[in-house]
Amino acid sequence: QVQLVESGGGLVQAGGSLRLSCAASGSIFSINAMGWYRQAPGKQRELVAAITSGGSTNYADSVKGRFTISRDNAKNTVYLQMNSLKPEDTAVYYCNAEVESGSTYRPMGVYDYWGQGTQVTVSS
């Protein structure tokens, strides 16, 4: 199947920076898009940033100008550079990948996969 492994979360003071990484592995034919979502306590999960295989990007208004998403297609890895962090950025961040894949257990198709989540905490 497909697995997403995240890293880079942690504790940081307001105004600081963090860089999240997410690597996809497994039975992958191609990855159409990868992105980052976040969920704070008591709130719904929301899109932070996404990037397609062609390099087009989409950002939440709240992070534009502060966060940058990028990817290394050869490594099936997506990154999220987070600068000028604010306390309201505190959340669990989840990696997402839209993957074209197939195996003997699942027919070829497009599926969404999620990472386990990594905690980002920004102190005020």
Side-chain angles (χ1 to χ4, degrees):
Q1 292 276 255
V2 176
Q3 299 82 39
L4 303 180
V5 180
E6 300 153 318
S7 62
L11 305 175
V12 65
Q13 294 183 357
S17 299
L18 286 173
R19 191 187 194 213
L20 306 183
S21 299
C22 174
S25 62
S27 181
I28 300 171
F29 180 75
S30 64
I31 299 179
N32 296 330
M34 299 185 76
W36 291 93
Y37 293 72
R38 67 186 181 188
Q39 187 168 22
K43 293 187 176 181
Q44 298 294 316
R45 187 173 299 186
E46 64 175 351
L47 174 70
V48 178
I51 186 168
T52 69
S53 60
S56 63
T57 58
N58 186 35
Y59 295 92
D61 289 340
S62 60
V63 307
K64 285 183 178 178
R66 299 189 297 121
F67 292 8
T68 302
I69 190 169
S70 61
R71 67 183 298 175
D72 184 336
N73 290 336
K75 296 181 178 180
N76 289 329
T77 299
V78 65
Y79 307 93
L80 185 67
Q81 180 66 48
M82 304 186 294
N83 298 325
S84 301
L85 283 162
K86 305 175 181 179
E88 51 262 43
D89 295 318
T90 296
V92 177
Y93 284 69
Y94 297 90
C95 179
N96 170 262
E98 185 178 279
V99 179
E100 186 174 357
S101 66
S103 70
T104 57
Y105 308 103
R106 176 180 286 182
M108 181 66 70
V110 178
Y111 304 94
D112 278 340
Y113 292 90
W114 293 89
Q116 78 286 355
T118 183
Q119 178 70 49
V120 172
T121 302
V122 184
S123 62
S124 59

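With hydrogens and angles ignored, the 3.5 Å screen pairs a side-chain donor or acceptor of Arg66 with a backbone N or O of Ser84. Put simply, the side chain of Ser27 gets close to the backbone of Gly102: a donor and an acceptor are under 3.5 Å apart. Side-chain atoms of Tyr94 never come within 3.5 Å of backbone atoms of Gly35 as a donor-acceptor pair (strictly under, hydrogens ignored). Of the possible donor and acceptor atoms, none in the side chain of Ser62 sits under 3.5 Å from a partner among the backbone N and O of Ala60. For Gln81 (side chain) and Arg19 (main-chain N/O), no donor-acceptor pair under 3.5 Å exists by modelled atom type. Side-chain N or O atoms of Glu6 include one that pairs as donor or acceptor with a backbone N or O of Gln116 at under 3.5 Å. Here the side chain of Asn96 pairs a donor or acceptor atom with the backbone of Tyr113 at under 3.5 angstrom. Judged by distance alone, with hydrogens and angles left aside, the side-chain atoms of Thr90 form a donor-acceptor pair with the main-chain N or O of Val122 at under 3.5 Å.
In terms of heavy atoms, Ser56 sits closest to Thr52 at OG-OG1, 2.8 Å. Closest approach of Arg38 and Asp89 over heavy atoms only: NH1-OD1, 3.0 Å.
By the 4.5 Å heavy-atom criterion applied to side chains, Ser53 and Arg71 are counted as neighbours.
Atoms CG and CG, on Leu18 and Leu85 in that order, are 5.5 Å from each other to the nearest 0.5 Å. Interatomic distance, CE of Met82 versus CG of Leu20, reported as 4.0 Å (0.5 Å rounding).
In the model, Arg45 has no side-chain atom that pairs as donor or acceptor with a side-chain atom of Tyr37 under 3.5 Å. With hydrogens and angles left out, the side-chain atoms of Ser17 and Asn83 include a donor and acceptor closer than 3.5 Å. Judged purely by distance below 3.5 Å, without hydrogens or angles, the side chains of Gln13 and Ser123 never pair a donor atom with an acceptor atom.
In the hydrophobic cluster analysis, where Ile, Leu, Val, Met, Phe, Trp and Tyr join through side-chain heavy atoms closer than 4.5 angstrom, Ile51 is grouped apart from Tyr79.
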Check the pair Lys64 / Asp61 against salt bridge (Lys or Arg N to Asp or Glu O under 4.0 Å), numbers first and verdict last. CA-CA 5 Å; Lys64 285 183 178 178; Asp61 289 340; 3.3 Å; yes
